[in-house]
Structures are given as C-alpha cells and as structure tokens.
Protein chains: 4
Amino acid sequence: MAKKNSYPLIIDSALTLIAEYGLEKTSLSMIAKKSGISKPAIYHYFSSKEVLLDHLFELLFKDYRFEQYFPMDTYTKDNFSRLLTDNGLQLLQEYEENPEALKIINHFIGYSGQNRAYDEKIKLILTEFLDGFQRLLLLGQRLGVIKKGDITAKAQILGLVLDNISSYLLMGIEVESTAVWSQAVSYVMEDD
Amino acid sequence: MAKKNSYPLIIDSALTLIAEYGLEKTSLSMIAKKSGISKPAIYHYFSSKEVLLDHLFELLFKDYRFEQYFPMDTYTKDNFSRLLTDNGLQLLQEYEENPEALKIINHFIGYSGQNRAYDEKIKLILTEFLDGFQRLLLLGQRLGVIKKGDITAKAQILGLVLDNISSYLLMGIEVESTAVWSQAVSYVMEDD
Amino acid sequence: MAKKNSYPLIIDSALTLIAEYGLEKTSLSMIAKKSGISKPAIYHYFSSKEVLLDHLFELLFKDYRFEQYFPMDTYTKDNFSRLLTDNGLQLLQEYEENPEALKIINHFIGYSGQNRAYDEKIKLILTEFLDGFQRLLLLGQRLGVIKKGDITAKAQILGLVLDNISSYLLMGIEVESTAVWSQAVSYVMEDD
Amino acid sequence: MAKKNSYPLIIDSALTLIAEYGLEKTSLSMIAKKSGISKPAIYHYFSSKEVLLDHLFELLFKDYRFEQYFPMDTYTKDNFSRLLTDNGLQLLQEYEENPEALKIINHFIGYSGQNRAYDEKIKLILTEFLDGFQRLLLLGQRLGVIKKGDITAKAQILGLVLDNISSYLLMGIEVESTAVWSQAVSYVMEDD
DNA sequence: TATGAATGAGTGTTCATTCAT
DNA sequence: GATGAATGAACACTCATTCAT
C-alpha cells in the first residue's frame, strides 16, 4: 500500500513501540504489524534490528548537545544568571512536553549497559555536558559573576542535578524542578 | 550432584548473569547452565522467572534505606557537617567496592519502566531518600547549622546529586565524587 | 500431617480434579497439591499415573453391570413393564444425582480411544448391557409380554437409548428422559 | 522444501495425528515432524494451537446439519418411510466409510467437556438433529403416515438411536445398525 | 521495492518420574 | 510411609533472519 512512506513509518512505529515496551521487548514483528510494512521490507531499509536501533539512537541524540541548550556566546555579565536558569528550565520543559522521547532515551541508556557502542556514546554526551558547564562557569568567573572555588565540582553538580531531575520526572517522582534548578544556579553565582 | 547448595547457587548465578546481560537477556537456561542446576530444579525454588527476579529485587533493595546510611539520631550541632559528608562518601564507596551490585540495581531500574511493581518500589526508595534529606536538613536548621532558605530544594539537590554520582560512576564517567559531594554539603551548611 | 488417610485422600482428590480437568490435564502435581500429599507418597501407593488411573477406572465401573440395575429374577409377567421402566429411570436418576461421576466416566470413555485397555473394558460393559436387554426381552417373550419380531434390534434400541440419554444429560442437552424411556419401553411391550 | 502445499499438509497431518492420539496428545512438534513443516511455519498459518483446532472443528462440523441428511422437502406420503430409513442408513454408511473422521469428531466431543466453545457448538448440532426429527415427524403426522402419540419423545428416540449407533460403531461394538435403524423407523410409522 | 512463506534457535514452563533421607 | 530436591523430555510459542518471487 504505502509506497514512498515506508521509511518514516518504520521509524515512527519503532519509536512508539520502544517507548512503551523497551528495546528488547519490541520485536520486528511488532514493528511490521504496527507500521503495516512487511518484515523483509524493513530489512530492505535496515539490514538488522541492531542497525535499526543504531539509527534511532543517532536520531535521538543527534541534537542533544550542550551548546544547543546553553549557547555560550549569548552569555554576558548581566544576563548570566537569568540565562543559565532559563536555559536549564527550557531543557527540562522540553522533556516534560515530550515524555515519550525521554522514555525512549531512557531505554537506550538502560540498554547501554549491554552495548558498548551506546555506552561510549552516552558517556560522551554526558561528559560533554559536564565539560560544557565547566567552560560556562569559567566564562562566568572571567565575567566576575561566578564564585571562586572548585569550579569543576560546581559544574559537575549542575550537570548531575539537571540530568537527574529529568530522570526523576520520568519516573514520576515529584521534584520541584524549577526551584531545585534555580537554587542550584544561585549556588554557583556570586552573591549580588 | 549439588545437594544443599542449590538455592544460593541459583541466586549467585542469576546475579552474575544479570549483571552482565541484564534482566531480559538472562534466561533460565543460562542460569541453569551456569549454576549446574536443571531448569525444573530452579522452578522448585522459584515458581517463575518473575518470582525469581522479585526475590533478587527484594534482596538488593532490602537495606537500601536513608536511615541505614544517614542515621539521624547520631547527628549533633558539632558533627553535622562531617557526618553528612562522611555518610554520603560511605555510600558512594560501597558502590565503588561492589560495582556488580550497582550494575544489577541499574538493570532493575531500567526494567522498572516496564514493570509497575518495580517502578513503584524504586520510586518509594528514591522518594524516601529525598524526604530523609529534608528531615535531616530541618534538624540541622533547628541545631542552627543549616542555612535558612528553601529547605526542600536543597534536600532534593543533595538527593539528586548523590544518586546521580553513583549512576555516573557506574557508567564509567569520571566525576570527582568526593569533591562534588563535599561541595554539595558545604553549600547547604551555614558558613562558619 | 495425614497419616492413615492418604490413600482415600488421593483417590478423592484425583476424582474431583479429573471431573473438572479431564484425565490428561490432571497432573500428579495437581493431585499432590489438592490432597496435601507429596508426590513420592502418591507413588508409594500407585507406581505410576497410569496405575492410578487404572485403579480409578476399576472403582468407577466395578458395579456398572446390567444385573445391578435390571435384576432379571425379579421380573414377572405382571410387573415386567413397570419394572423395566422403573429400573431404567432409576439408572438415569443415579446419574442425575451424581453428575460428577458421569463426568469422570465420560472422560475415561473419551480417553479410551487412545488406550486399548480401557477401550476393551468399556466395550465389554456396553456389550453386556446390550446382551442383558436381549436376555430380558427373551424372558419377556417367554412370559408373553413382549412383542414378536426382531428381539436383537429392539434390545439394542433400548441399550442405545438408555446409554445416550445419559450422554445428552451430561452435555446439558434437554431430553425428556422419562417420557423417552417410557416410550421406548412401551414400544417393545405387547399391547395390553 | 514444500512450497505451496504447506497449508493442506498441516491440516492433513493434524487430522491424522488427532485421529490417532487425540487433541491434547497431538503436539505442534508432532504435526511439524509429520508434515515436514517447521513449527514457526505452522504458526504462520495458525496463530496458535487453539486456532488450528478451531479451524479443524469448523471443517469437520460445517456440513453436519439435519437438512443435509434428511431433506424435508423431498418427503411425501408415499416415500416417507423409505426415505427416513434410507437417509439414516446413508448417514451411518458415511461414517463407516470414513472412520477416521468419526474418530476425530469423537475426540472433539470428548474435549468439549473442557472447552466451552466446542461444548456449545456440539450441543447446538445435536439439538438441531433432535428438532429436525421432531419437525419431520410433525410433517409425517400431517401426511397421515406417523402414529399419533408423544411426537417429541419419538423424535428424540430417533435422534438418540442414530447418534449412538455411530458411537458404538466407532468403539467397535457390534450393533446391527441397519436392522436397528429400520426398527426404530417402523416404530414411529403408522402401521400399514 | 516489496512480500508470503519459511526456519533454527531459543523462550518460559510443565510433565511424570526418581533419588537420598 | 513420607518427603524435599532433582531431572530429561516435552510443551506452546516467539525471535531475528532469509529465501524465492
């Protein structure tokens, strides 16, 4: 039936199913059934289930970069505190608005324990966020808005808090995300 | 062959395999093979794979309680800062010393997305830690060693940071756990 | 727990379970569970499941004999019609009062297709009923109360009807058993 | 290997095996082995063993209707007795010529005790035969060829006898089917 | 591009039966 | 008499994958 739309159909169906059932319990049969596309046709696009998953992985994490959410060149002495707060809240809001994506991401993270490739990439991404916060705080220090003291530790606290707020949100644990992130930000800022 | 040791053999083999392959990819056949015990013998002890997993879950999370790591009745005005720091580092060190347990716990957390029962229990445990920190900070406030200000947010920061440090350790992401936790603690303390 | 009562407990549990689940779906585990007797203990009394079933078979069919229901030596010229009717209705009533037994019997009959031994014995029992009716009708003929004509066919009609009424009752098909049996009897009797 | 013939091969193998071993003892592995078709290929056609059995059930009972054997619109005053006799004998002969089908049918009937769906359908079929005979006898009465008296009971006798003759034939019990059925018919007919 | 048909290997689970005590 | 522990064989079923068309 569907001629030209098979590819996105496969992607969509796979993502929806993975969000609900996870990576391992989502079988190619399920994807074929949901998308209305035959299994061999899926193999035409993706030479194995693993390749399909890899593709989804890239899709999901492609734009998940520190600079995407915290564009350093926009930070100034005056807007530093506000931007840092807002950018973080923006990131959290994106997750709240699209919990399905967060679910899928979490399935990949859970699966990464058994898959070297994902493991490495996820480590890279998270590390890049930690480094990003460190660079940002160093900039703040130069601008004179960030307290002296262990910059690395403070950057890591920001990274750990922001990352884990979304995990808790996903699990449905009630965290006062706005208050928590604001507190964390004000903690690293020089008192006015 | 093995007579009285079947039960612990099953548990051990299951834990080892789950640490490596995860909950779903660890099959009863694998457990049977590794433990040298036949599949029906496993069913003699656990009426289903699910029951076995439940048992392991309870085993792992039984003693994971806030009071276990942060015994509130030992906290005084004088030792507050030191105890809070040490207790947290103690928790982190336990994980570093037993990374396999952490791996398994993480597999259960990953699986909880597809299993209501685990989901609820894990939420309970994490929530209890957040609440524990809140009670502890309130005590500190009464003792005059904790800064005024949003206690809830601060407690959640402590919880989120401590929890996520272990996740990052598990993933092999280098975080300066000691420095980070010390910083987080000093942040909530009244300046001396 | 149970010391001296194991044997009848096994029998009772087995019969109850077979009535509900049939011969094949009733496992020794089920019998052990229901009776509260361990499987090896059951093997102490019955060297195999087959032996247990054989025993139950004998128990059920021991008293199922034509003479049991139609005692020929009580039949006279005067009571012939009434006795033939009443004895048949008596047999049907027994089944209606104890449908569980009928169910079990039916399971054995169904199973007999795969078991030579049961097959032979059930054939014997049914044949004996057919022969019984034939002997009875011959007696009636000598007494002058039974019509001339094909005695064998008439006897077989009686046997087939009586046997199948109980089958239909078991299946829950509404047959007017009393009217049907009375009609069948009056059919073979000489008109008064 | 086998390309287009898998479907009938499965059906045939299943029927043959069920005739010999019954519904429960016939496993999908047996069917796969006998048909030379892999188990997953069987699942390609039938989504479960139950669905396969349902299909066979429908196949077997599809044409087993009263009108199929006793077409009422062909009955007249003159041919009534002969037709009723011949049609019944025809039905019996079909069974004698295809004892395997009868065996399978009997397995389904035996299994119906544990399966509501089959139970209901079989009851329906047998009830329809009883009703059919009743309608037929009422017609005969209007034509003046059937004795007055309890029509329902007589119809049920015909149904019970005809049905049970085939059961006895299946079991290998010697019944004089022709004589018995002829007698049963002449019993309900008005004497000439 | 796409499909119906097919498969080897594996899943969790249950069976009747046996062994040591 | 009775039991907990154990087993080989089988069960219905699903998996990712491939082949011929």
Side-chain angles (χ1 to χ4, degrees), chain A residues 1-7 24-32 36-53, chain B residues 1-7 10 24-32 35-53, chain C residues 1-7 24-32 36-53, chain D residues 1-7 10 24-32 35-53:
Chain A
M1 310 261 170
K3 285 273 136 95
K4 278 271 154 78
N5 306 326
S6 295
Y7 187 88
E24 317 202 39
K25 283 200 170 158
T26 297
S27 71
L28 281 185
S29 299
M30 290 162 75
I31 298 172
I37 291 163
S38 69
K39 269 186 284 183
I42 295 175
Y43 274 90
H44 177 77
Y45 291 101
F46 304 100
S47 57
S48 73
K49 186 187 178 183
E50 205 189 353
V51 167
L52 168 56
L53 294 186
Chain B
M1 311 275 162
K3 284 284 132 75
K4 275 272 151 111
N5 307 326
S6 295
Y7 186 87
I10 295 167
E24 318 202 42
K25 283 204 170 154
T26 296
S27 75
L28 284 183
S29 300
M30 289 161 76
I31 298 173
S35 64
I37 290 165
S38 67
K39 266 190 287 182
I42 296 175
Y43 275 88
H44 181 74
Y45 293 97
F46 303 99
S47 56
S48 72
K49 185 185 179 184
E50 202 190 354
V51 167
L52 169 56
L53 294 186
Chain C
M1 310 261 170
K3 286 274 136 94
K4 277 273 153 81
N5 305 327
S6 295
Y7 187 88
E24 317 202 41
K25 285 200 171 158
T26 296
S27 73
L28 280 184
S29 298
M30 290 161 76
I31 298 173
I37 291 162
S38 69
K39 270 187 282 183
I42 296 174
Y43 273 90
H44 178 76
Y45 290 100
F46 304 99
S47 58
S48 74
K49 187 187 178 182
E50 205 190 352
V51 167
L52 168 56
L53 294 186
Chain D
M1 311 274 161
K3 285 282 131 81
K4 275 273 149 112
N5 308 325
S6 295
Y7 187 87
I10 295 167
E24 318 203 41
K25 283 205 170 153
T26 296
S27 74
L28 284 184
S29 298
M30 290 161 76
I31 298 173
S35 63
I37 291 164
S38 68
K39 264 188 289 182
I42 297 176
Y43 276 90
H44 181 74
Y45 292 98
F46 304 99
S47 57
S48 72
K49 184 185 179 184
E50 203 189 354
V51 167
L52 168 57
L53 294 187

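Naming: A, B, ... by sequence-line order, numbering from 1 per chain.
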For [X] and [N], give me the distance from atom [atom1] to atom [atom2], rounded to whole Å.
X	N	atom1	atom2	result
D:N5	E:dG4	CG	P	19 Å
B:I37	F:dG8	CD1	P	12 Å
C:I31	E:dT14	CD1	P	17 Å
C:L52	E:dT17	CG	C1'	14 Å
A:F46	F:dT17	CZ	P	13 Å
B:H44	F:dG8	NE2	P	16 Å
B:I42	F:dG8	CD1	P	13 Å

Show the nearest heavy-atom pair for residues [X] and [Y], with the distance to one decimal.
X	Y	answer
D:S48	D:Y43	CA-CE2, 3.8 Å
C:S38	C:A32	C-CB, 4.3 Å
A:K49	A:E24	NZ-O, 3.7 Å

Derivation and outcome, side-chain contact (heavy atoms from CB on, under 4.5 Å), residues C:I37 and C:I31: CA-CA 8 Å; C:I37 291 162; C:I31 298 173; over 6 Å; no

Closer than 4.0 Å, any side-chain N/O of [X] to the OP1 or OP2 of [N]?
X	N	result
D:S38	E:dG8	no
B:Y45	F:dG4	no
D:Y43	E:dA5	no

Nucleotide opposite F:dA12 in a Watson-Crick or G-U pair, distances under 3.5 Å: E:dT11

Partner nucleotide, any strand, of E:dT21 [Watson-Crick/G-U, under 3.5 Å]: F:dA2

Just verifying a value: how many Å separate [X] [atom1] and [Y] [atom2], rounded to the nearest 0.5 Å?
X	Y	atom1	atom2	answer
C:E50	C:L53	CD	CG	7.5 Å
D:I10	D:N5	CD1	CG	11.0 Å
D:I42	D:H44	CD1	NE2	12.5 Å

5'-most by nearest nucleotide on DNA chain F - C:G36 or B:A41: C:G36

Output a table of nitrogen or oxygen pairs between the protein and nucleotides 9-11 of chain F separated by less than 3.5 Å.
unit_1	atom_1	unit_2	atom_2	d
F:dC11	OP1	D:S27	OG	2.8

Among E:dT17, F:dA2, E:dA5, the one nearest C:S48 by side-chain distance: E:dT17

